[in-house]
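Every chain is numbered from 1, with letters handed out A, B, ... down the list of sequences.
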2 protein chains.
Amino acid sequence: MPKTQPSRPTTTGEPQAVRADIIAAATKVFSELGYHGASMTDVASELGMRKPSLYHHVRRKEDLLFAIHEQMVDELIAETMVVFSSSKPPSEKLRDIVRGAMDFVGRHQDGVTVFLAEHRALSGERWSEIVLKRDFYERMVQGVINDGTRSGAFVDMPPKIAAKAVLAMANWGYTWFQTGGEMGADEIGDMFAEIALRGLEVRPG
Amino acid sequence: MPKTQPSRPTTTGEPQAVRADIIAAATKVFSELGYHGASMTDVASELGMRKPSLYHHVRRKEDLLFAIHEQMVDELIAETMVVFSSSKPPSEKLRDIVRGAMDFVGRHQDGVTVFLAEHRALSGERWSEIVLKRDFYERMVQGVINDGTRSGAFVDMPPKIAAKAVLAMANWGYTWFQTGGEMGADEIGDMFAEIALRGLEVRPG
DNA sequence: CCTACCGATCGGTAGG
DNA sequence: CCTACCGATCGGTAGG
């Protein structure tokens, strides 16, 4: 009795869904065990397949790590660009940025965990590529803060330090935020934005 | 009948300097390569010895990870207890806490990196032990914020969220602070404390 | 006898 | 998508 041929011996044109599933599985597994603590067998198991089958779709383990990083930073930049390009005043832009950052952490906690804590295994060139984008994001935030300072809305403080302080609140959320916990990411984002704005805004008094 | 006890590799009999050197080496190596990315050979090399010699002093790799965690959290608690137990008002205590936290990051950047990013490899029991101490530290900070809110000095905001926001600034510093950079940890700590206090204090106006 | 340390190798598992 | 493997390296330990 001859067995039926494999239904899908395609080598070109990987279906988008397959790649997305693989990245999603890798994101979950890497965030739980850490990049070096997770094996490709773990990722394959998450997908219901064996390691050699996974290697049919992925060349190297590091490629998955890079794909996760790229996905996260690209999406965060895209969302923040909308805010940055608006005609709102700096204080409202900063509020939207802090809210958006915390919301992003809530929506992509596993991906953010990998992005913020698992970059040491990336090659120098790939890490540089990610750093370039990450710095672009940070410069948008610094720009908003700088605009606020020059318009007299914010206190005079080095925009780099102020941006680090403000983004830290949301970034750090990846270590403790619980989906389905007492408070939602949106509520927490509102409070962080409140603290950040009170901390930076010049108020009459 | 009593026989002479063979000298086992006990922690108590170990010269303090040797153990301190080993923990220092592991801290450096783990922070650079990550716990799983670093081998015991790497740690041994850092000490100028071979791996089996290192194993004469250390039972398991995980013991080193735990020792680093314990050292960091114990020292941070000890330093913060002094501030917490003082008779200063909440706003000044919070300023000292933020300054102290950032200063701690500057003085122990490698150790803080391991403490904040490399805990997944700890066993459940040992991680629970660390979490207990970490939570004790956080409750001190929450207590200061709560005191400030009840005395009318701070705005009314959930102390847990406010503490997360304030501590995030310093914690996040482990990812970007550079010893010998433009600004010292003390200057950055002052600015973070300024943002945190402006963000939480109720000011007339 | 002790310590500190060595070269060699154990059972398993990593990425491929 | 599988079984069957590889060169290397992992954490940990043997005897001397």
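- Distances were taken from every side-chain heavy atom of Met49(A) (C-beta onward) to each of dG12(D), dC1(D), dG15(C); the shortest belongs to dC1(D).
- Residues Arg60(A) and Asp63(A) are paired through a salt bridge, judged by an N-O separation under 4.0 Å between the basic side chain and the carboxylate.
- Among the pairs that DNA chain D forms, none builds a region of at least three successive Watson-Crick or G-U pairs under 3.5 Å.
- Of the candidate nucleotides dG11(D), dA4(D), dG16(C), dG16(C) has the atom lying nearest to any side-chain atom of Lys61(A).
- Note: CE (Met40(A)) to P (dT13(C)) measures 18 Å, nearest angstrom.
- Taking 4.0 angstrom as the limit, Arg50(B) places none of its side-chain polar atoms (N or O) nearer than this to OP1 or OP2 of dC5(C).
- Regarding Leu64(A), its CG atom lies at a distance of 11 Å from the P atom of dG15(C), rounded to whole Å.
- Atom NZ in Lys51(A) sits about 10 Å away from atom P in dG16(C), given to the nearest Å.
- Per the geometry, NE2 belonging to His36(A) stands 12 Å off C1' belonging to dT9(D), to the nearest Å.
- In summary, Lys164(B) and Glu138(B) engage in a salt bridge, as defined by a charged side-chain N under 4.0 Å from a carboxylate O.
- Between Ser53(B) and dA4(C) there is no side-chain N or O to OP1 or OP2 distance below 4.0 Å.
- Checked options Glu62(B), His119(B), Arg120(B); the residue passing with Tyr35(B) is Glu62(B) (criterion: side chain to side chain contact (heavy atoms under 4.5 Å, CB included)).
- Side-chain atoms of His57(A) lie closest to dC1(D) of the nucleotides dC1(D), dG16(C), dT13(D).
- In this structure, OG1 on Thr113(B) lies 13.5 Å from CZ on Phe30(B), to the nearest 0.5 angstrom.
- Within the 4.0 angstrom heavy-atom criterion, no nucleotide atom of any strand lies near Ala44(A).
- Looking only at distances, a side-chain donor or acceptor of Ser151(A) sits under 3.5 Å from a matching main-chain atom of Gly148(A).
- Counting non-hydrogen atoms under 4.0 angstrom, Ala38(A) reaches the backbone sugars and phosphates but no base.
- Remark: P of dT3(D) and OH of Tyr55(A) are 17 Å apart, rounded to the nearest angstrom.
- Ion pairing between Arg99(B) and Asp186(B) fails under the 4.0 Å rule for side-chain N and carboxylate O.
- Phe104(A) and His108(A) have their aromatic ring centers within a separation under 6.0 angstrom.
- Whole-Å rounding puts the Asp63(B) CG to dG11(D) P distance at 14 Å.
- Whole-Å rounding puts the Leu47(B) CG to dA4(C) P distance at 14 Å.
- Put simply, CZ on Arg60(B) is 16 Å from C1' on dC10(D), counting in whole angstrom units.
- Comparing the C1' positions of dG11(C) and dT9(D) gives a spacing of 13 Å, expressed to the nearest Å.
- Side-chain nitrogen and oxygen atoms of His56(B) include none within less than 4.0 Å of the OP1 or OP2 phosphate oxygen of dT13(D).
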